[in-house]
Amino acid sequence: MRSLIDFLFKHSTWFVFTFFVIISCIYLFDKNPYQHHVYMTSAGKFTAGIYDLSHNITSYFNLRETNEELQAQNARLEEELFGLKSQLQIYQEKYYSDTMTTVEQLRPYSFIIASVINNSISRPYNYITINKGSRDGIRPEMGVVDQNGIVGVVNIVGDRYSRLISLLNPNFRLSCKVKGNEAFGSLVWDGKDPQIALLEELPRHTVYTNGDTIVTSGYSAMFPEGVPVGIVEGSEKTIDDNFYTLRIRLLTDFSRLSTVRVISSDISEAIKQVESDENNQETQSKKKP
């Protein structure tokens, strides 16, 4: 206690000075309008700065909670967006089904409408993924077309999705002919232009002119005869003089492919079954001594 009294007595002049300074400031800022305005303005700015600093500190410590709320909201929005995209695909497929035109050769067949969700046109071997699978009735080796022409054939089937071998794939060869002519050749993509394919092994006696339509020959269980494929643009040089190789401009625009039709038919399945039985019989006969 004595130390406190000694301290106060020792610095009493400073305490007295501070007391009078405070009293003077009170009288100065309270009795004079200008000084009062300056004081209030300065005090307001100082208080606002303190509040702003406090708010920034509080916001910093709340960032984690805010971030979690934003992530949850983004997840909900993504779910809603996915649902809207699914509904849009359903409406697009229904509209396509209601408005599509079908060539005469495909009228006896039924179709499974599907949307293209992945497609490539610039790779050496191109594939297409569609949003329909085994639960929708898709099976391997089903032919696929769009409103213009041939697209490809079903290769791998999952529960909800399927992969197609695109016509723009050298592994896919399609038996075709010039419309109005029974001679046929093999249509294949040469890996260059996604709008051009080659009709190879077409007999020399085949009569054609530039602008003729190339159609399927019907020598396949996947596509009936007469489905349009492309237009003759000219011929290519060949080593074998007994055959033509024609340049064909494809009717299907693979760069804008969005909705396709998978050909579903009991006729195709019956043909495949007969061909499979014939192959099995040949195999068994060869095994016999």
Residue pair Val215, Val227: steps toward the side chain to side chain contact (heavy atoms under 4.5 Å, CB included) verdict: CA-CA 5 Å; Val215 297; Val227 181; 6.0 Å; no

Steps toward side chain to side chain contact (heavy atoms under 4.5 Å, CB included) verdict (Ser235, Leu246): CA-CA 4 Å; Ser235 61; Leu246 303 183; 4.0 Å; yes

Leu250 and Val229: CA distance, side-chain angles, deciding distance, side chain to side chain contact (heavy atoms under 4.5 Å, CB included) verdict: CA-CA 6 Å; Leu250 300 173; Val229 178; 4.2 Å; yes

Met142/Ser264 under side chain to side chain contact (heavy atoms under 4.5 Å, CB included): CA gap, chis, key distance, verdict: CA-CA 7 Å; Met142 279 184 165; Ser264 177; 4.2 Å; yes

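The salt bridge (Lys or Arg N to Asp or Glu O under 4.0 Å) test applied to Glu233 returns Arg247, Arg249, not counting sequence neighbours. Legend: residues meeting salt bridge (Lys or Arg N to Asp or Glu O under 4.0 Å) with Glu200, ordered by chain and number and at least two apart, are Arg173.
Side-chain contact between Ile231 and Thr213 is present, with at least one heavy-atom pair separated by less than 4.5 Å. The side-chain heavy atoms of Val154 and Val144, taken from C-beta on, include a pair separated by under 4.5 Å. The shortest distance between side-chain heavy atoms of Thr252 and Leu167 does not fall below 4.5 Å. Within the 4.5 Å cutoff, no side-chain heavy atoms of Val153 are placed close to those of Leu164.
With hydrophobic clusters built from ILVMFWY side chains whose heavy atoms lie under 4.5 angstrom apart, Leu174 does not share a cluster with Phe184. Side-chain heavy atoms closer than 4.5 Å link hydrophobic residues (I, L, V, M, F, W, Y) into clusters, and following such links, even through other members, never connects Val188 to Ile214. Leu251 and Val232 fall into different hydrophobic clusters, defined by Ile, Leu, Val, Met, Phe, Trp and Tyr side-chain heavy atoms under 4.5 Å apart, directly or through other members. Residues Tyr125 and Leu187 are members of one and the same hydrophobic cluster, defined by side-chain heavy-atom contacts under 4.5 angstrom among Ile, Leu, Val, Met, Phe, Trp and Tyr. Under the 4.5 Å side-chain contact rule for hydrophobic residues, Val178 and Leu198 do not share a cluster.
Residue Asn148 holds its CG atom at 8.0 Å from CG of Asp253, rounded to the nearest 0.5 Å. Of the inter-residue distances, the one linking Asn169 atom CG with Ile121 atom CD1 reads 14.0 Å to the nearest 0.5 angstrom. Put simply, CZ on Arg123 and CG on Leu168 are 12.5 Å apart, with the number rounded to the nearest 0.5 Å. To the nearest 0.5 Å, atoms CD1 (Ile156) and CD1 (Ile165) are separated by 8.0 Å. Interatomic distance, CG of Asp146 versus CZ of Phe254, reported as 7.5 Å (0.5 Å rounding).
Here the closest heavy-atom approach between residue Asn181 and residue Val207 is recorded as ND2-N, 3.4 Å. The two atoms that bring Ser120 and Asn126 nearest to each other are OG-OD1, 3.0 Å, heavy atoms only. Closest approach of Asn131 to Tyr161, counting heavy atoms only: CA-CD2, 3.6 Å. Scanning both residues, Ile196 and Trp189, for their nearest heavy atoms gives O-CD1, 3.0 Å. Residue Leu202 comes nearest to Ala183 through the heavy atom pair CD1-O, 3.8 Å, listed as atom of the first residue, atom of the second, then distance. The minimum heavy-atom distance between Leu199 and Cys176, with the atom names listed, is CD1-CB, 3.9 Å.
Side-chain atoms of Ser175 do not come within 3.5 Å of backbone N or O of Ser217 as any donor-acceptor pair. Side chain of Thr245 to backbone of Glu236: no donor-acceptor contact under 3.5 angstrom is found. Ser166 contributes no side-chain N or O that, together with a main-chain N or O of Ile128, makes up a donor-acceptor pair within less than 3.5 Å. Formation of a donor-acceptor pair under 3.5 Å by the Lys132 side chain with backbone atoms of Ile113 is found in this model.
Within 6.0 Å of CZ on Arg135 lie more than 12 heavy atoms contributed by other residues, nucleotides or ligands.
Screening residues 182-194 for salt bridge (charged side-chain N to carboxylate O under 4.0 Å, His left out), with sequence neighbours left out, gives Lys177-Glu182.
The aromatic rings of Phe172 and Phe223 are tilted relative to each other, their planes meeting at an angle between 30° and 60°.
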